[in-house]
Visitor: 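I'd like to ask you about the structure that follows.
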Amino acid sequence: MFRSALLAALLSSVTAFSPSLHTSSAILQRRNVALNVAIDTSDIKNGLTVEIDGEPHKVLSFSIMKQARGAAKTTIKFKNLMRGNTIENTYRSGEKFETAMVEKKGAQYTYSDEAGNFYFMDSETFEEVMVEANLMADVAKWVTEGMECSLVTFKEKVIEVQVPGTYVYEVVDTEPSVKGNTANAHTKPATLSSGAVVTIPGFVEQGSKIKVDTAKGEYLERA
């Protein structure tokens with residue numbers, strides 16, 4: 001019963017690592033921390049972070065294969081958040097895992113250096129935090145100066161940077177709009193203020209501000 005309550009709270013916030021699990025520790029109350037919880041294959045969800053061989057692995061996708069005889073098998077694709085590589089393993093139904101004890105804290109992006117490392121200011125302590133270039137590979141194109149991001153840490157080491165799910169950017173370069181063409185069917189590429197390139201409707205002009213889904217890399221609407 002207690003395990004189920006803990007697990008429900010954890011899975012409801014796999015992307016946010018929300019501090020919904022109550023603890024008497026003052027540190028855990030102040031920060032967003034996902035606790036170690038024992039789970040099995042039936043609890044696997046996309047975005048959940050588990051500990052494998054002492055390292056945090058994030059679930060990217062999974063599939064369940066039912067068999068005519070015997071228990072079902074679950075194939076899971078993980079990303080090692082410390083090394084950056086992906087692995088895919090198949091597990092028997094009911095095999096056990098332990099969620100990784102990770103911490104999430106807010107930080108503001110300030111600048112990057114010539115080596116490609118990114119620097120953030122911890123929103124709580126105001127200390128500067130350096131994030132190595134390899135950890136920014138998936139999100140660097142979305143980061144702009146002053147953006148409020150989330151730094152995910154494991155054993156006090158940054159393992160992932162999360163950008164806002166939606167964000168407003170300026171279109172800094174795109175083809176001129178065709179006069180009289182307001183149809184959504186006409187699209188064109190556009191370079192955003194962060195450096196990312198997305199496809200936008202033909203009527204959106206250079207200099208416009210648009211809202212973008214950073215997870216999908218898609219235009220949502222004019223801002």
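Predicted, not measured: the structure shown is a model, and the values here were computed from it.
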Visitor: Nearest 0.5 Å, what's the OH-CZ distance between Y109 and F120?
Guide: 7.5 Å
Visitor: Are I87 and L48 joined in one hydrophobic group, where the rule is that I, L, V, M, F, W and Y side chains link up if heavy atoms are under 4.5 Å apart?
Guide: yes
Visitor: Test side-chain hydrogen bond (donor to acceptor under 3.5 Å, both in side chains) on T187 and T199; report intermediate values, then the result.
Guide: CA-CA 6 Å; T187 60; T199 299; 5.7 Å; no
Visitor: Once you round to the nearest 0.5 Å, how far does OG1 of T99 lie from CD of E51?
Guide: 9.0 Å
Visitor: Distance only, no hydrogens: is a donor on one side chain within 3.5 Å (strictly under) of an acceptor on the other, for T144 and S193?
Guide: no
Visitor: Decide yes or no for N46 and F62: does some side-chain heavy atom of the first lie under 4.5 Å from some side-chain heavy atom of the second?
Guide: yes
Visitor: If the threshold is 4.0 Å, N to carboxylate O, is there a salt bridge linking K211 and E221?
Guide: yes
Visitor: Please round to the nearest 0.5 Å and tell me the distance separating atom OG1 of T86 and atom NZ of K58.
Guide: 13.5 Å
Visitor: For I44 and I39, run side chain to side chain contact (heavy atoms under 4.5 Å, CB included): C-alpha distance rounded to whole Å, both residues' side-chain angles, the deciding distance at 0.1 Å, then the answer.
Guide: CA-CA 8 Å; I44 291 296; I39 62 172; 4.3 Å; yes
Visitor: Side-chain donor-acceptor pair under 3.5 Å between E55 and N80, yes or no?
Guide: yes
Visitor: Between T166 and T214, what is the shortest heavy-atom contact and its length?
Guide: N-OG1, 4.3 Å
Visitor: Salt bridge between E160 and K104, side-chain N to carboxylate O under 4.0 Å?
Guide: no
Visitor: Search all heavy atoms of K141 against all heavy atoms of S194 and return the closest pair with its distance.
Guide: O-OG, 2.6 Å
Visitor: Report the hydrophobic cluster partners of F126, with the cluster defined as I, L, V, M, F, W, Y residues connected by side-chain heavy atoms closer than 4.5 angstrom, directly or transitively.
Guide: M121
Visitor: Using a 4.5 Å cut-off on heavy atoms from C-beta on, say whether the side chain of T90 contacts that of T74.
Guide: no
Visitor: Locate the shortest heavy-atom distance separating P189 from V197; write the atom from each residue and the value.
Guide: CB-CG1, 4.3 Å
Visitor: Does the side chain to side chain contact (heavy atoms under 4.5 Å, CB included) test come out yes or no for D173 and Q206, once each step is laid out?
Guide: CA-CA 6 Å; D173 185 44; Q206 185 170 313; 3.8 Å; yes
Visitor: Does Y169 form a side chain to side chain contact (heavy atoms under 4.5 Å, CB included) with W142? I'd like the steps, not just the answer.
Guide: CA-CA 9 Å; Y169 298 92; W142 300 116; 3.5 Å; yes
Visitor: In the hydrophobic clustering that connects Ile, Leu, Val, Met, Phe, Trp and Tyr at side-chain heavy-atom distances below 4.5 Å, which members other than V172 occupy its cluster, ordered by chain and number?
Guide: none
Visitor: Against V131, only a single residue in V143, V139, V158 fulfils side-chain contact (heavy atoms from CB on, under 4.5 Å); can you say which?
Guide: V158
Visitor: Are M147 and V161 connected in a single hydrophobic cluster, I mean Ile/Leu/Val/Met/Phe/Trp/Tyr linked by side-chain heavy atoms less than 4.5 Å apart?
Guide: yes
Visitor: Mind checking whether Y91 and F97 have ring centres under 6.0 Å apart?
Guide: yes
Visitor: Under the 3.5 angstrom rule, does the side chain of T110 hit a backbone N or O of Y119 as a donor-acceptor pair?
Guide: yes
Visitor: What's the separation between atom CD in Q162 and atom CG in L151, rounded to the nearest 0.5 Å?
Guide: 9.0 Å
Visitor: Does T125 use its side chain to pair, donor to acceptor, with the backbone of D122 at less than 3.5 Å?
Guide: no
Visitor: Mind listing the closest non-hydrogen atom pair of T153 and K105 along with its distance?
Guide: CG2-CE, 4.3 Å
Visitor: Search all heavy atoms of T174 against all heavy atoms of V204 and return the closest pair with its distance.
Guide: CG2-O, 4.2 Å
Visitor: Apply salt bridge (Lys or Arg N to Asp or Glu O under 4.0 Å) to residues K79 and D138 and explain how you reach the verdict.
Guide: CA-CA 12 Å; K79 179 178 181 180; D138 295 335; 2.6 Å; yes
Visitor: Under a 4.5 Å cut-off applied to non-hydrogen side-chain atoms, are K188 and I200 in contact?
Guide: yes
Visitor: Would you please test L220 and I210 for side chain to side chain contact (heavy atoms under 4.5 Å, CB included) and show each step?
Guide: CA-CA 7 Å; L220 293 176; I210 62 172; over 6 Å; no
Visitor: May I ask you to test the V198-L192 pair for a side-chain heavy-atom distance under 4.5 Å?
Guide: yes
Visitor: Look up atom CZ in F78 and atom CG in L60, then write down how far apart they are to the nearest 0.5 Å.
Guide: 9.0 Å
Visitor: Just so I know, are the side chains of K157 and M82 near enough to count as touching, which here means a heavy-atom distance under 4.5 Å?
Guide: yes
Visitor: Write down the atom of Y167, the atom of P164, and the distance for their closest heavy-atom approach.
Guide: CD1-CG, 3.9 Å
Visitor: Measuring from atom CG of D213 to atom OH of Y219, what distance do you get when rounded to the nearest 0.5 angstrom?
Guide: 13.5 Å
Visitor: Can D40 and R92 be counted as an ion pair, charged N to O under 4.0 angstrom?
Guide: no
Visitor: Do S123 and E148 come within less than 4.5 Å of each other through their side chains, counting heavy atoms only?
Guide: yes
Visitor: Flag yes if V171 and F203 sit in one hydrophobic cluster, no otherwise; membership is Ile, Leu, Val, Met, Phe, Trp, Tyr, and two members link when side-chain heavy atoms are under 4.5 Å apart.
Guide: yes
Visitor: Counting neighbours of CD on E145 that are heavy atoms of other residues, nucleotides or ligands and sit closer than 6.0 Å, is the number greater than 12?
Guide: no
Visitor: Less than 4.5 Å apart, any side-chain heavy atom of M136 and any of S112?
Guide: no
